Amino acid sequence: MLLRMSTLFLRTLREDPADAEVPSHKLLVRAGYVRRVAPGIYSWLPLGKIVLENVARVVREEMNRIGAQEVLFPALLPRDYYEATGRWTEYGDTLFRLKDRKGADYLLGPTHEEMFTDMVKGEYSSYKDYPVTLYQIQTKYRDEARPRAGILRGREFVMKDSYSFDLDDDGLKRSYEMHREAYIRIFERLGIDYRVVFAMSGAMGGSASEEFLAKAPTGEDTFVACRNCDYAANAEAVVTPAPPAVRTAQPALEVLDTPNTPTIESLVDHVNEHFGLGITAADTLKNIVVKVRTPGSDKLETLIIGVPGDREIDFKRLEAFLAPGVPEIFEAEDFVRHPGLVRGYIGPQVLKSLGIRYLVDPRVVEGSAWVTGANQPGKHAAHVVAGRDFEADGTIEAAEVRAGDACPRCGHPLSIDRGIEIGHIFQLGRKYADAAGLDALGPDGKPIRITMGSYGVGVSRAVAVLAEQRHDELGLVWPREVAPADVHIVGTGKENQIEVAAQLAETLEARGLRVLVDDRPGVSPGVKFKDAELLGLPTVLIVGRGLAQGVVELRDRAAGTKQEIPLDEAVDRVLAAAQA
Ligand code: ATP
Ligand code: MG
């Protein structure tokens with residue numbers, strides 16, 4: 001492959017795009033890899049397309065290596081398959097729905113469990129046919145609530161999705177393990193710095209599931225890792241260890257005058273000063289009201305969540321816990337419709353009589369005593385005891401997880417980091433096989449219900465993740481495996497430098513390298529150097545003024561090193577760098 005910048009369809013930009021906040025978005029646009037069409041919808045220009053295909057190639061090779069077979073489904077799908085599993089409705093606003101000219105309902109596929117299940121059902125019937133794993137690399141559509149950061153979170157994006165079909169649970173575990181290993185190889189080859197963490201299964205249903213998170217301060221996912229054992233989990237999936245129930249008798253509930261205590265901090269100061277309680281924020285019980293919308297219905301359920309006052313609600317944890325229900329903010333006008341709820345002074349004591357569902361943080365154990373609202377303006381209540389003064393309808397994982405919290409496995413402190421989800425592996429089980437009636441005829445003539453796994457890699461997202469993890473203040477720094485070319489040869493100056501650069505490019509291409517040569521006439525060396533830094537190819541060879549003395553300059557983009565070398569060594573040195 002030989003790309004000539006004199007004709008390459010590429011225009012780099014000196015300025016960051018106005019809507020870009022994260023480095024990958026700024027750099028991929030500035031370097032001319034992608035262009036925005038609409039929010040969360042991007043086009044790929046020649047260099048970007050090459051990088052995208054390189055990522056897809058690595059994914060494909062590793063999927064083929066575990067025996068997965070590639071197929072391709074349409075993105076435009078009829079409603080009935082998704083109706084049968086309930087996802088036509090459950091997917092809520094994230095699903096792109098459309099109608100054909102006859103008024104029939106269609107959707108743009110957000111993920112393809114239903115379609116793969118149906119395909120296997122159509123072709124296979126005997127236990128002898130199984131196991132089988134199929135995959136595709138295809139465009140997915142999700143009307144994301146917050147498309148952001150360029151191609152990191154698109155509304156149209158490329159995903160590799162695979163699905164395993166097994167006769168029994170052991171088979172499913174084997175398929176899952178094979179995918180896990182394939183994903184490790186994929187992300188190692190791509191040069192992504194990642195971690196495998198426990199995940200919530202979310203709208204997919206099913207049980208065991210892990211995510212591959214690329215470490216990045218700009219990531220939308222928060223994950224914890226134990227400093228002592230190997231526990232690591234998405235914050236959404238962290239289970240709070242509950243303290244033991246309190247058996248000792250508590251003083252009777254007491255209503256306290258607490259004027260002008262709008263914050264937890266002011267409440268704690270007030271009750272300590274005036275009533276000598278000696279509490280901290282963690283001894284108060286904060287009650288947050290939300291409305292929960294069930295997709296497909298207009299009904300909104302009022303739900304109150306009780307968390308210790310020293311913790312905020314983590315909305316992502318809340319959303320993950322309530323899925324497919326969607327929590328919404330409880331507004332001032334909602335309070336008007338619920339006169340029993342005294343804004344700012346809600347306590348769980350009255351919720352049973354109001355008929356409002358109440359879920360508590362796992363720390364709110366039987367017998368524990370709290371300072372909380374007294375359901376009257378300006379008043380709080382002390383010694384409000386769980387199980388005595390109120391009953392919760394269950395627990396909820398909605399409180400924020402903090403660095404230093406106890407590891408649910410070993411009790412040592414957890415650390416917290418941010419990451420970007422690049423892959424997700426699920427043991428789905430029989431949910432989709434049940435919906436489709438996917439059985440194999442067993443050796444005894446009896447049907448065996450198939451068990452499934454589903455596995456995704458964000459192919460287009462991986463491009464952005466690499467840009468996010470591999471760049472410096474000058475530009476992109478691609479790992480060789482995905483770089484648009486191995487070497488960027490820059491011919492500068494007015495003499496025969498461009499000619500020599502072009503000759504070197506041809507020689508290196510003939511030796512099997514992928515080459516980009518800057519053979520643009522009349523472009524200043526400064527501009528060419530800047531572009532080379534911005535585009536981020538791993539090896540840069542400069543054919544400039546030194547040519548008169550028979551020397552060229554070899555640069556390593558990642559290491560930031562420069563070296564003058566004799567012209568007649570250039571080909572071998574570039575080849576050696578490409579093979580290193
Ligand atoms: P997220 O939590 O980031 O919304 P998800 O859990 O909904 O992702 P999956 O359904 O597990 O995503 O999809 C498999 C993979 O597809 C993800 O691991 C991610 O790499 C990629 N992916 C998901 N949504 C997007 C998107 N909007 N843009 C780009 N890639 C995406
Ligand atoms: Mg996921």
Side-chain angles (χ1 to χ4, degrees), residues 22 24-25 28 34 36 38-42 44 52 55-56 59 63 75 87 90-96 108-114 116 135-163 179-180 182-183 186-187 190 192 194-206 208-214 216 218-223 233-237 315-317 319-320 323-324 326 418-428 432 453-469:
V22 300
S24 61
H25 187 189
L28 288 171
V34 299
R36 180 182 179 280
I41 305 180
Y42 284 79
W44 298 82
L52 181 66
V55 172
V59 172
M63 291 313 297
R87 290 210 293 186
E90 264 181 30
Y91 241 103
D93 292 341
T94 306
L95 195 65
F96 276 105
L108 295 176
T111 172
H112 279 65
E113 279 74 7
E114 285 84 348
F116 278 80
Y135 77 98
Q136 63 175 343
I137 295 177
Q138 190 234 22
T139 307
K140 296 276 188 274
Y141 297 85
R142 295 182 185 178
D143 197 358
E144 298 276 357
R146 295 171 285 269
R148 71 182 273 278
I151 54 173
L152 265 184
R153 181 173 296 285
R155 296 197 295 162
E156 172 178 306
F157 58 97
V158 182
M159 193 202 288
K160 183 286 299 177
D161 49 329
S162 44
Y163 306 85
H179 270 88
R180 200 176 191 276
Y183 277 31
I186 288 168
F187 297 126
L190 292 179
I192 292 177
Y194 71 96
R195 262 209 88 135
V196 191
V197 307
F198 290 119
M200 284 280 281
S201 310
M204 297 282 178
S209 135
E210 287 166 291
E211 281 170 357
F212 290 70
L213 296 186
T218 51
E220 287 183 83
D221 281 282
T222 306
F223 69 97
N234 192 308
E236 288 174 10
F315 216 74
K316 284 196 78 181
R317 261 163 74 72
E319 279 177 333
V326 182
R418 299 190 74 81
I420 301 166
E421 184 185 324
I422 42 169
H424 198 163
I425 52 178
F426 289 99
Q427 292 183 31
L428 278 179
Y432 293 90
S454 113
Y455 318 88
V457 171
V459 174
S460 50
R461 180 177 283 184
V463 175
V465 161
L466 279 166
E468 203 63 30
Q469 288 188 341

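Nothing here was measured: the structure is a model prediction, and the numbers come from that model. Both backbone and side-chain heavy atoms feed into the values below; hydrogens, waters and symmetry mates do not. Counting convention: from 1, in listed order, for ligands and their atoms alike.
Between the side chain of Glu210 and the backbone N or O of Phe198, no donor-acceptor pair lies under 3.5 Å. A donor-acceptor pair under 3.5 Å is formed between the side chain of Lys316 and the backbone N or O of Glu220.
The contact set between ligand 1 and Leu152, taken as ligand atoms under 4.0 Å from a residue heavy atom, comprises 28 (N), 29 (C). Listed by number with element, the atoms of ligand 1 under 4.0 Å from a non-hydrogen atom of Met159 are 13 (O), 14 (C), 16 (O).
Under a 4.0 angstrom heavy-atom cut-off, Thr111 registers as lying outside contact with ligand 1.
Side-chain atoms of Glu144 and Thr94 form no donor-acceptor pair, as typed in the model, at a separation below 3.5 Å. Glu113 and Ser454 share a side-chain donor-acceptor pair at under 3.5 Å.
In summary, Glu421 places an N/O/S atom under 2.8 Å from the Mg ion (ligand 2), meeting the contact criterion.
Nearest N/O/S atom of His424 relative to the Mg ion (ligand 2): this is ND1.
Aromatic pair Phe426/Tyr455: ring centres not closer than 6.0 Å.
Nearest to atom 23 (C) of ligand 1 by heavy atom, out of Lys316, Glu421, Arg142, is Arg142. With atom 1 (P) of ligand 1 as the reference point, the heavy atom nearest to it among Arg146, Arg153, Arg155 is part of Arg153.
At under 3.5 Å, a nitrogen or oxygen of Gly154, whether backbone or side chain, sits near a nitrogen or oxygen of ligand 1. For ligand 1, the polar-atom distance check finds no N/O of Glu211 at less than 3.5 Å from any of the ligand's N/O atoms. Taking any N or O of Gly458, backbone or side chain, at least one lies under 3.5 Å from an N or O belonging to ligand 1. Between Glu144 and ligand 1, at least one N/O pair is under 3.5 Å apart.
Taking the six-membered ring where tryptophan is involved, the planes of Phe96 and Tyr141 are perpendicular, since the angle between them exceeds 60° and thus also 30°. Ring geometry for His25 against Tyr42 counts as perpendicular: the plane angle is over 60°, on a 0 to 90° scale with 30° as the lower cut.
Minimum heavy-atom separation, Ala149 to Val22: CB-CG2, 3.5 Å.
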